[in-house]
Structure formats: C-alpha cells, structure tokens
**Q** 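Quick one: this structure, given as structure tokens, is what I'll be asking you about.
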Number of protein chains: 2
Amino acid sequence: MFDKFMEMEPEKRERIVQAATKEFALKGYKNASTNEIVKEAKISKGLIFHYFNNKKQLYLHLYDYLTEVIVTEYLGKLKNDEPDFLKKMGQAALVKLELFRKHPMIFKFFLTAYVETDPEVREEVAGRNQKMVETNYPKIYEGVDYSNIREDIDKEKAVSMIIWALEGYANSKSGVFRNMTEKEFGDMIVEISSYMDILKKCFYKSN
Amino acid sequence: MFDKFMEMEPEKRERIVQAATKEFALKGYKNASTNEIVKEAKISKGLIFHYFNNKKQLYLHLYDYLTEVIVTEYLGKLKNDEPDFLKKMGQAALVKLELFRKHPMIFKFFLTAYVETDPEVREEVAGRNQKMVETNYPKIYEGVDYSNIREDIDKEKAVSMIIWALEGYANSKSGVFRNMTEKEFGDMIVEISSYMDILKKCFYKSN
DNA sequence: GCACTATTGACTACAGTGGTCAATAGTGCT
DNA sequence: AGCACTATTGACCACTGTAGTCAATAGTGC
C-alpha cells in the first residue's frame, strides 16, 4: 500500500506529501481535512484512499516518512568529529536552523504532533517520538567532551543552561525566519558565534 | 451585556468562565464548541447567547477578562523595589511559575490565542496582546539596575541569555507541573536559586 | 484489443455547528 | 395574590463539513 505510494510519479507524490504535511501541521489530526488535502494536492478524493486505507494510516505513514527525512538530513549534516561541547552545540544549533529554514512546515507538523491529543493517534505518536529520541539523541552527544566547563559550577546544570540559551535564541528568530534573505541568514550566523563567545567566557575555564 | 454577566451568581459565572477557557484553550477559536461549553458549565444553550450575543463576543470578552486576572495577580505579587537585575528576574520567574501552577488552563488559553489564525478573531487578539505587552512589560523592568553585569560581555546579549535560561528551565518543568506536591514545589524553588547562583557566577562581575 | 492498474468525482450517511425562540421558572413589588 | 420583569431552558433549524465508497473511465504494457 505505502510501497505503491512510494513508487508513484515523484512529482505528484511530493504534492501529496506537502499538502498533507501542511494540513496536519496547521490543524492537527482531527481537524485536518482529507478534502482539503486532495484539493491542495490536485488529486481526486478516491486516490488518497487508494494509497492509504484511511485517514489514520495516512497520518502515521506521513509521520514516519517525515521523521526519516529530517533525521537523515540532520545527522548527515552534523559533523561527527567535534569533541568540544560548546562548538558541537553551536554547530547543532546551526544545522537545526538550516533545516528549520528549509522545511518550516515539517517542523510545524512535528510541533503540532507533539501536542496531539486525539485518542485515535495520541499513543502511536508518543511512542514513535520516544523511540526516535532514544535512537538519535545519543548519537549527537556521542564522544563529546565536557572537561572545559568551569570546575566551580555544576556541569549538568551548565549544559542545560547552554542548551536553553541556544534554544531561546532560535525561538526568538523563529518568527522572522521564513522571509530571511541569504544575507540576513549570514548575519545570523555571525550573531550566533558572538553568543557562543559569551557562553565560552561565562561557562568555560578561563585558562 | 457583559456587565450583566459579571453581576450574576458568582459560582455559576465561574463555571462558565472555566468551561469556556478550557474549551478555547484546547481547541482554538474555531473548533471550540459552544455546545461543549454549555454542557461543561451545566447551563442551557440559550443562556450563553443571552449574556454574549455570539461566539466571537464570548471569546473576546473572555480574553479581556483573563488578561486582567493574570496581569493584576502578576503585578501584585512582583516586588517593585528589587533593583538587582538577576534577583528581579529570578523573582519574576518564580511568580510566573506560581501563577502557571495556579491557573494552568488560563496559560494554555493564552498560548493557544497567541497562535490563533482564524480570521474572525486574529487581528483583535493580536492587537490586544500587543497593547498588553506595551502597557505592562515596562512596569517589570522599571528601575532595574544592570551595572553588575560583567564589563567584558555585551549587556543586552547577557540579559537575553539569562532570560532564555530561565525560560528554558520553566519549560523543562511545565510537563510535570500540574501534579506537583507542595514539597516538590519547594524543591523546585531551591533548584531555581542554585541556577541563579550559577548565572551570577557567570554573568556578574566577580568582585 | 485484452487485462490490468491508476484515477476520477459524484455521492452518502452522518455528526456537529452557531444561533433562535417560544415557553417556563423565579424574583421583587404593590 | 397578581403583575411585570428578567433569567433560564432546551428542542429545533438550516447549514457546513466530514471520512469514506464505488461505479465508471483513462491509461499502460503486452
């Protein structure tokens, strides 16, 4: 069923994926309308039920597919040989921003899915999300060295605060993100590195 | 109309406010159902349209009412004579957590309202929010002294990062918040102050 | 031209919506 | 008691939108 879907004309398939992603992202599982999806994707009503038996299967297959797309791209771009914790975090933040810029709707989809409450899919989504975290988060922190962090502060707390600071920066930009020019994106990278410098001054040994 | 509503039997009024808050908070403007609200509030369908001509007025009056409740309580609890920036931020974070714990649904309501997209109320909500920020944010930062921040880092960036760190902490707790005992809440306050100590060590002059 | 799959879109049965309104209950006043 | 007035009820309505079906058609490869 889903195999058939993956084998269809890629252009049309991509239209369907994008339409469904957008609809579920903006309205959540229950209020997303299959009618809207087929209208946006410019296919007939019947076709979507030919490839996916029902709305639930469409949603879950889409969830899996988008997870794979993002995880693959994320891990692909993340350098694996950066031991310094701060540099690694800075790099991870950049990669995330890049991906967020490239796939805003997919990120919105996962944000919506994360707070999904409809009983028809709630558990399935939570399970998939947990599994994804367990599988991939360790890969990010693998081989990272925390020994540069100041001795006089709790390492774990320092790590959390650094992550929160970078998250806060990303959130503060998320509104103006979509219409950012290449130059503005470049400026942002410079700005991030100035934040990284501050973090280094504050949380690292001053050697 | 709304005056009449405020004069009705407080217990019943509170039932209506809570039911409407919950429904709009969980489903957003469009998908919130007046039928559900009256069912939850244990009143008849007609009554809600007796006090509020239509769904839109109900929503906007509720928005204004809840804004006043939260703003009044927040400013009332916030000490006005704390000049030290870090202490003030720590105190503001605590007050926010306290309020969040006391009124989780109201916070959820505003979170949902913040991303409201329905054209019927979108502009009104955005306008109200902007006005509220303009009116009240200056009150928080009034008379605060930033001179203790280290000279070798950009003050504005330091301020942002401190705020982001505290926000990050609050977010990390927001999941386990509702079922927190009094003791756990106390532990959390201790934990916050240990984070505050770290922030002080990192961002303040070391004198 | 046959066998097969991909695709269409009108159609259905249904669930749920915001809002109405005639009827009733309750309250305070004379 | 009886009048005037408001608070409250809930059956009802016209309407919108839903997920999913299915007979019919288009397209493709042999």
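Letters A, B, ... mirror the listed sequences (proteins, then strands); counts begin at 1. Worth knowing before you read on, the calculation uses all heavy atoms, side chains too, and leaves out hydrogens, waters and symmetry mates.
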**Q** Whether A:Ser44 contacts C:dT8 is assessed here as follows: a side-chain N or O lying under 4.0 Å from the phosphate OP1 or OP2. Is that the case?
**A**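 Indeed, a polar side-chain atom of A:Ser44 lies that close.
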
**Q** Report the C-alpha distance between A:Glu98 and A:Lys102 in whole Å, list the side-chain angles of each, state the deciding distance to 0.1 Å, and finish with yes or no for salt bridge (Lys or Arg N to Asp or Glu O under 4.0 Å).
**A** CA-CA 6 Å; A:Glu98 237 179 295; A:Lys102 190 171 165 194; over 6 Å; no

**Q** Hey, which of these two, B:Met8 or A:Asn35, hits DNA chain D nearer its 5' end, going by closest nucleotide?
**A**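 This one resolves to B:Met8.
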
**Q** B:Lys30 has an atom NZ; how far is it from atom P of C:dG19, in whole Å?
**A**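 After rounding, the gap between these two atoms is 13 Å.
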
**Q** Quickly work out the B:Ile48 CD1 to D:dA7 C1' distance and round it to whole Å.
**A**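 In whole Å, D:dA7 C1' and B:Ile48 CD1 are 14 Å from each other.
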
**Q** So, does A:Ser33 get its side chain near the phosphate of D:dG17, meaning an N or O under 4.0 Å from OP1 or OP2?
**A**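 So the side-chain polar atoms of A:Ser33 never come under 4.0 Å of the phosphate oxygens OP1 or OP2 of D:dG17.
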
**Q** Using whole Å, what does the distance between atom P of nucleotide C:dA6 and atom CZ of A:Phe5 come to?
**A**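 My rounded result for the distance is 13 Å.
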
**Q** Inspect the contact between B:Lys39 and B:Glu36 and indicate whether a charged nitrogen and a carboxylate oxygen are less than 4.0 angstrom apart.
**A**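 Salt bridge: yes.
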
**Q** Please state whether the phosphate of C:dT7, meaning OP1 or OP2, lies under 4.0 angstrom from any side-chain nitrogen or oxygen of A:His50.
**A**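 Result: no.
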
**Q** For DNA chain D, what residues of residues 11-28 of chain B have any heavy atom nearer than 4.0 Å?
**A**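 Within this stretch, B:Lys12 sit under 4.0 Å of the strand.
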
**Q** Is A:Glu124 salt-bridged to A:Lys56, cutoff N-O under 4.0 Å?
**A**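 Between A:Lys56 and A:Glu124 there is a salt bridge, with a charged N closer than 4.0 Å to a carboxylate O.
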
**Q** Look at the side chain of A:Lys45 and the base of D:dA19, then say whether one donor and one acceptor between them are separated by less than 3.5 Å.
**A**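 Present.
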
**Q** Given ring pair (Phe, Tyr, Trp, His ring centres under 6.0 Å), test B:Tyr63 with B:Phe110 step by step and report yes or no.
**A** CA-CA 8 Å; B:Tyr63 190 98; B:Phe110 284 119; 5.3 Å; yes

**Q** Can you tell me which stems DNA chain D forms, taking runs of 3 or more consecutive Watson-Crick or G-U pairs with both distances under 3.5 Å?
**A**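 Counting only runs of 3 or more consecutive pairs, the stems involving DNA chain D are C:1-30 with D:1-30.
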
**Q** Starting at the 5' end of DNA chain C, which residue's closest nucleotide do you reach first, B:Lys55 or B:Leu47?
**A**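 So the residue in question is B:Lys55.
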
**Q** Does the pair B:Phe203 and B:Tyr146 meet the rule for a ring pair (Phe, Tyr, Trp, His ring centres under 6.0 Å), with working shown?
**A** CA-CA 11 Å; B:Phe203 288 96; B:Tyr146 302 91; over 10 Å; no

**Q** Between A:Arg101 and A:Glu182, is the closest basic N to carboxylate O distance under 4.0 Å?
**A**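 A salt bridge links A:Glu182 with A:Arg101.
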
